[in-house]
Structure formats: structure tokens, C-alpha cells
Amino acid sequence: MKKKLGLILGFIVGFASFLFMWKMLFLTRITPEDELAPGAVMVLAVIVGGLFGYFGIKIQKYHVFKFK
């Protein structure tokens, strides 16, 4: 489990930060009558979470969190 800590934390941080920024930057500027594709937003959040997870693995493996 300790080997997957960077992946899990990176994914959670990336996923949550994307959804938070989406809400703060985009949803506050559109009218309620506009239709959005929630599936596309979730797919983008998963992709961003995956990228953050990848970077979390790289950071854990090479720099900060050396677990044995």
C-alpha cells in the first residue's frame, strides 16, 4: 500500500482540484439556462486526476517519500 500512496494521493488531489477550479472559474460565469455535459467534465476530471497520479508516483519514486 505504501508503494501506491503517491498514486492515490495524486489522483485524489488532481480530481478534486479540477472539479473545484471548474466550479469556481466556469460555473460561476454561465447562466443556469445553459446546458453542460456533466459526463465530459467528469472524464476531464479523471484525466487530470490520472496525470496528477502519474506525477505523484514519479515524485514518490525519485524525490520525497522513500518507503522500503
Side-chain angles (χ1 to χ4, degrees):
M1 186 66 181
K2 290 181 180 180
K3 291 182 180 181
K4 301 289 183 186
L5 186 61
L7 173 68
I8 294 168
L9 288 177
F11 182 82
I12 290 171
V13 167
F15 188 85
S17 64
F18 176 80
L19 290 178
F20 179 72
M21 293 305 290
W22 180 266
K23 179 175 175 25
M24 291 294 119
L25 295 177
F26 186 72
L27 287 182
T28 58
R29 297 180 181 175
I30 63 169
T31 61
E33 293 84 25
D34 290 339
E35 291 186 24
L36 296 173
V41 174
M42 293 305 292
V43 168
L44 283 173
V46 169
I47 290 171
V48 170
L51 289 173
F52 272 68
Y54 173 76
F55 292 131
I57 289 173
K58 293 300 180 186
I59 290 170
Q60 178 181 355
K61 188 174 181 181
Y62 294 115
H63 297 293
V64 181
F65 305 109
K66 291 278 187 173
F67 294 117
K68 294 181 181 182

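Small disclaimer: the values here were computed from a predicted structure and weren't measured.
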Problem - Worked verdict on Met42 versus Phe18 for side chain to side chain contact (heavy atoms under 4.5 Å, CB included) - result: CA-CA 10 Å; Met42 293 305 292; Phe18 176 80; over 6 Å; no
Exercise for the section: Evaluate the ring planes of Phe26 and Trp22, with Trp represented by its six-membered ring, and classify them as parallel (under 30°), tilted (30 to 60°) or perpendicular (over 60°). Expected result: tilted
Problem - Separation between CZ of Phe15 and CG of Leu44, rounded to the nearest 0.5 Å - result: 11.0 Å
Handout entry: Gap between atom CZ of Phe11 and atom CD1 of Ile57 - 0.5 Å precision
Key = 12.0 Å
Exercise for the section: Give the minimum heavy-atom separation between Gln60 and Lys4, together with the two atoms involved. Expected result: OE1-C, 4.5 Å
Completion exercise
What one should report as the nearest heavy-atom pair of Leu19 and Ala45 is CD2-CB, 3.9 Å
Practice task
Kindly work out whether a path of hydrophobic side-chain contacts (I/L/V/M/F/W/Y, heavy atoms less than 4.5 Å apart) joins Val13 to Val46.
Solution key: yes
Handout entry: Common cluster, Val48/Leu27, ILVMFWY with side-chain heavy-atom separation under 4.5 Å
Key = yes
